Amino acid sequence: MADRIGTKAAWLSGLIGVALLAAACSSSDPATGPSAPIFPSGPSGAPVRVLMLTATAGFRHDSIATARQVLTSLSNSTGGFSLTLTEDVASLSASSLAAYDVLAFVLTSGELDFSPAQKKAITDFVSDGKGFIGIHSASDTLYEWPDYGRLVGAYFKEHPWTQSAGVIVENTTHPATSGLGDRFSLLEEYYTFRDNPRGRVQVLLKLDPISVGSAGDYPLAWAQSFGSGRAYYNALGHFSETWTDQRFQRQLIGAIRWTAKRD
Ligand SMILES: [Zn+2]
């Protein structure tokens, strides 16, 4: 257990901009000091292998470049995961996916041109025990492929609020939300979905409707089992500033660890 906690602390110490502070804080604890291994030994301690797809067939977010830079920096600073970036939809196959632990659709959009065999490879990848992460417009992607909708949890409907708003951390103990406190405020483009995924998924974040002058239940991030695997979705990430925000980076690291079954 101590190893797991120490490992997580090592990952989080890689957050961009807080590495020095976290290292200073942890140096008093032998379990997480500089001489301690960053990852436990054995197969389960190997870096999580993440394939990150940013292909778009619809709207293309300006924040894609920042997203790629931030995940690359987090990969380097935490050492906890290796990262392969791709825009090449054709490169995904059962054999290529076999080299990864987590498939991340980051700011994807539209009807990406996957063949039936590729679609099966993607759902088999997760249902056979690997991880999936969808960020922001990953829910504005592949409306014509219902199994993908199940994997993400819900399809984008509209974004009625682009403003600073309150985000309620509904689950403060999940690895992808722990350490965030019980709420935070953020300038974002806030999504609503065609149907409310609550009931199918474990809701992690939701919009504080009062903060946008509304009412209702608006989940923003969630986690779910998908066959033997795990799937995570986070609707935040529209602006580059969200990606450079350590509160968002903390969620990404937690999601990578959780979908890879490291937490
Ligand atoms: Zn957006």
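A quick note: this is a predicted structure, and the numbers were derived from the prediction, not measured. Numbering of ligands and ligand atoms starts at 1, following listing order.
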Donor + acceptor pair across side chains of Thr72, Ser75 (<3.5 Å) | no

Of all N/O/S atoms in Glu189, which lies nearest to the Zn ion (ligand 1)?
-> OE1

Would you tell me whether Thr242 and Glu188 have side-chain atoms, one donor and one acceptor, within less than 3.5 Å of each other?
-> yes

Looking only at side chains, do Tyr233 and Ser139 share a donor and an acceptor under 3.5 Å apart?
-> yes

Which N, O or S atom name in His136 marks its closest approach to the Zn ion (ligand 1)?
-> NE2

Considering only N, O or S atoms, which atom of His238 is nearest to the Zn ion (ligand 1)?
-> ND1

Verify whether the ring centers belonging to His61 and Phe239 lie closer than 6.0 Å.
-> no

